[in-house]
There are 2 protein chains.
Amino acid sequence: MAQERAGEAGEPATGDVSDRVYAELLTRISEGEFAAGERLFEQALARQLGVSRTPVRDALKRLSAEGLVDTTPNKGAQVVSFTAEDTAALYELRAQFEPVACRLAVPRLGEEDLAELEDLDARMQAIVAGGHDPAELTGLNNAFHAIFVERCGNRHLAIALQALFRPAIVTRTFRQYDPRSLERSMQAHQQLVEAARAGDGEWAEAVMRSHILSTRHVTGHPGTPDD
Amino acid sequence: MAQERAGEAGEPATGDVSDRVYAELLTRISEGEFAAGERLFEQALARQLGVSRTPVRDALKRLSAEGLVDTTPNKGAQVVSFTAEDTAALYELRAQFEPVACRLAVPRLGEEDLAELEDLDARMQAIVAGGHDPAELTGLNNAFHAIFVERCGNRHLAIALQALFRPAIVTRTFRQYDPRSLERSMQAHQQLVEAARAGDGEWAEAVMRSHILSTRHVTGHPGTPDD
DNA sequence: CCCTGCCATGTTGCATGCAATCTTGCAGAG
DNA sequence: CTCTGCAAGATTGCATGCAACATGGCAGGG
């Protein structure tokens, strides 16, 4: 859900079933169904998803390349586990690089992208207004941020940035959502949409930077919202 | 040849044969044996390397995730081809980020790493002094730069940076080596080793930045040396 | 002569079988 | 009681068979 877009930015194109499995595993990881450090067995997943081991294997390899699972030669894959320092560093890097991607992307956004941003924003606000479902919100938020990364204009920068950002979906699950920060994030998203509509990359960059920084120092304790 | 280190930084660990195939394809691509845009057929490569299609498939997927080959759903993989703008942007990003990684890495380098840096530097100088073999030099240079990236202290930053840098090995093959820039690069490498020995991250950062920038503006024409 | 539709070939993608390796539990010696 | 060695189970990694899709050539019609 929300990751069902065929080609995000990297080279996701593999097969048909393979992509389904990948998407499934991705959402399961992001929704916290798999604990950090939990081993992922090919055969078990294959049975569960009603497919062969091959596409599962492919998906795990892909997740491994993206840094979402660790694989050891003859032992298989397990969900990454982060130390507090890792998480902090991750946010630090994000705060530095994502705004840049944002600035680069804004002038390149088409009407389609803008519409999607608005749609995602609206859906997130709807969730916040009603009953909170953190998992679903995480997915939408990822999609929201992904748009800027994907459209930054340089394939390899996009790949590199996604390598940085994707692991965050693992850490995020372990935090609660506090209403105050959440509201602030929603406002930031709205402002991002506005800046994007205005085609003002620098504005968007600034908003994105403050958006991320605002979540950084609360990292760990009371709970960061979706950034 | 220089890529034979088991685990670079990302999650390379797969199998035994699989890694061999990956390394082989990587060097072939970097040495320009495969033209840009050339299709890579699984079966053909499998026959050539005396293995099954499976490890070849794995290796191609890995290269795809790293942005070295493009894959289309039912068509397979082909070597990436860059526009001039892509290459320029790549160097731009490199100039921004690699020095940072370098600064972070230097304080973390152990005696072993320093020795390897010196060794690589020495071997590159030997090649320059004798008959030039650009291909071999490229491999050594990649290994040299990789050390800084790998030791930067953050796994995910390392992955992200490698996503940026690895594609450069494709573009580099298409340039000639001009003695003047080459000499300058060698000096930069030496200075990097010195800075690393001194544990001076900022110095190393500055050297690395100028090192990369010195190669940037000649990109395309007369030929950049190995950066 | 050019264009369109079909058919044959080739290639990828998925499923499955087998061997090598690692892990886990137990038995036996100290 | 603890530690070591072994053996059985389990899991990954590699090889191969089969079906689906894409590509290229050829024939037929305009």
Side-chain angles (χ1 to χ4, degrees), chain A residues 4 6-8 10-26 28-29 34-35 37-81, chain B residues 4 6-8 10-26 28-29 34-35 37-81:
Chain A
E4 60 214 357
E8 296 199 355
E11 333 300 309
T14 23
D16 189 16
V17 183
S18 199
D19 283 343
R20 253 180 17 85
V21 174
Y22 169 80
E24 180 64 24
L25 292 180
L26 186 61
R28 286 200 190 184
I29 291 176
F34 297 134
E38 180 176 347
R39 286 185 63 181
L40 301 179
F41 299 106
E42 297 176 358
Q43 205 165 10
L45 293 173
R47 287 177 126 75
Q48 226 174 319
L49 298 172
V51 297
S52 158
R53 267 181 54 209
T54 308
V56 175
R57 205 178 157 72
D58 289 348
L60 287 177
K61 275 186 180 305
R62 199 164 140 198
L63 291 170
S64 172
E66 290 170 355
L68 288 177
V69 302
D70 276 330
T71 62
T72 29
N74 275 317
K75 189 180 173 187
Q78 50 187 35
V79 182
V80 291
S81 56
Chain B
E4 59 214 359
E8 297 199 353
E11 333 300 310
T14 23
D16 188 16
V17 182
S18 198
D19 283 344
R20 253 179 15 85
V21 174
Y22 168 80
E24 180 64 24
L25 291 181
L26 186 62
R28 287 200 188 182
I29 291 176
F34 297 133
E38 181 176 346
R39 286 186 63 182
L40 301 179
F41 299 106
E42 299 176 357
Q43 205 166 9
L45 294 173
R47 285 178 127 73
Q48 227 174 318
L49 298 172
V51 297
S52 157
R53 267 182 55 210
T54 308
V56 174
R57 205 177 158 72
D58 289 348
L60 287 176
K61 275 188 180 304
R62 199 165 141 197
L63 291 170
S64 173
E66 290 170 355
L68 288 177
V69 301
D70 275 329
T71 62
T72 30
N74 274 317
K75 190 180 175 188
Q78 50 187 36
V79 182
V80 291
S81 56

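Lettering follows sequence order; numbering is per chain, from 1. Keep in mind it's a predicted model, so treat the numbers as computed, not measured.
What separates CG of A/D19 from P of C/dC14 is a distance of 8 Å, to the nearest Å. In this structure, A/F41 atom CZ and D/dA10 atom C1' are separated by 9 Å, rounded to whole Å. Atom pair A/L49:CG and C/dA15:P shows a separation of 11 Å (rounding to whole Å applied). Between the CG atom of B/N74 and the C1' atom of D/dC21 there is a distance of 5 Å, rounded to whole Å. The distance from atom CG of A/D58 to atom P of D/dT12 is 14 Å, rounded to the nearest whole Å. Protein atom CD of B/Q43 is 16 Å distant from nucleotide atom P of C/dT9, rounded to whole Å. Straight-line distance from the CG atom of B/D70 to the P atom of C/dT12: 15 Å, rounded to whole Å. Remark: P of D/dC14 and OH of B/Y22 are 15 Å apart, rounded to the nearest angstrom.
Take the nearest nucleotide of DNA chain D for B/R39 and for B/T54: the residue whose nucleotide is more 5' is B/T54.
Note on B/R57: a side-chain N or O is less than 4.0 Å away from OP1 or OP2 of C/dG13.
Among the heavy atoms of the strands, none lies under 4.0 Å from A/L60.
Under the 4.0 Å criterion applied to side-chain N and carboxylate O atoms, A/R20 and A/E24 are not assigned as salt-bridge partners. Salt bridge present: A/R62 and A/D19 bring a charged side-chain N and a carboxylate O closer than 4.0 Å.
Under a 3.5 Å cut-off, the side chain of A/R57 and the backbone N or O of B/D58 do not form any donor-acceptor pair.
Residue A/R47 places its CZ atom among 12 or fewer non-hydrogen atoms of other residues, nucleotides or ligands, all under 6.0 Å distant.
Of the candidate nucleotides C/dC22, D/dC14, C/dC14, D/dC14 has the atom nearest to the side chain of B/S18. Taking only side-chain atoms of B/R53, from C-beta outward, the nucleotide of D/dA15, D/dT23, D/dT16 with the closest atom is D/dT16.
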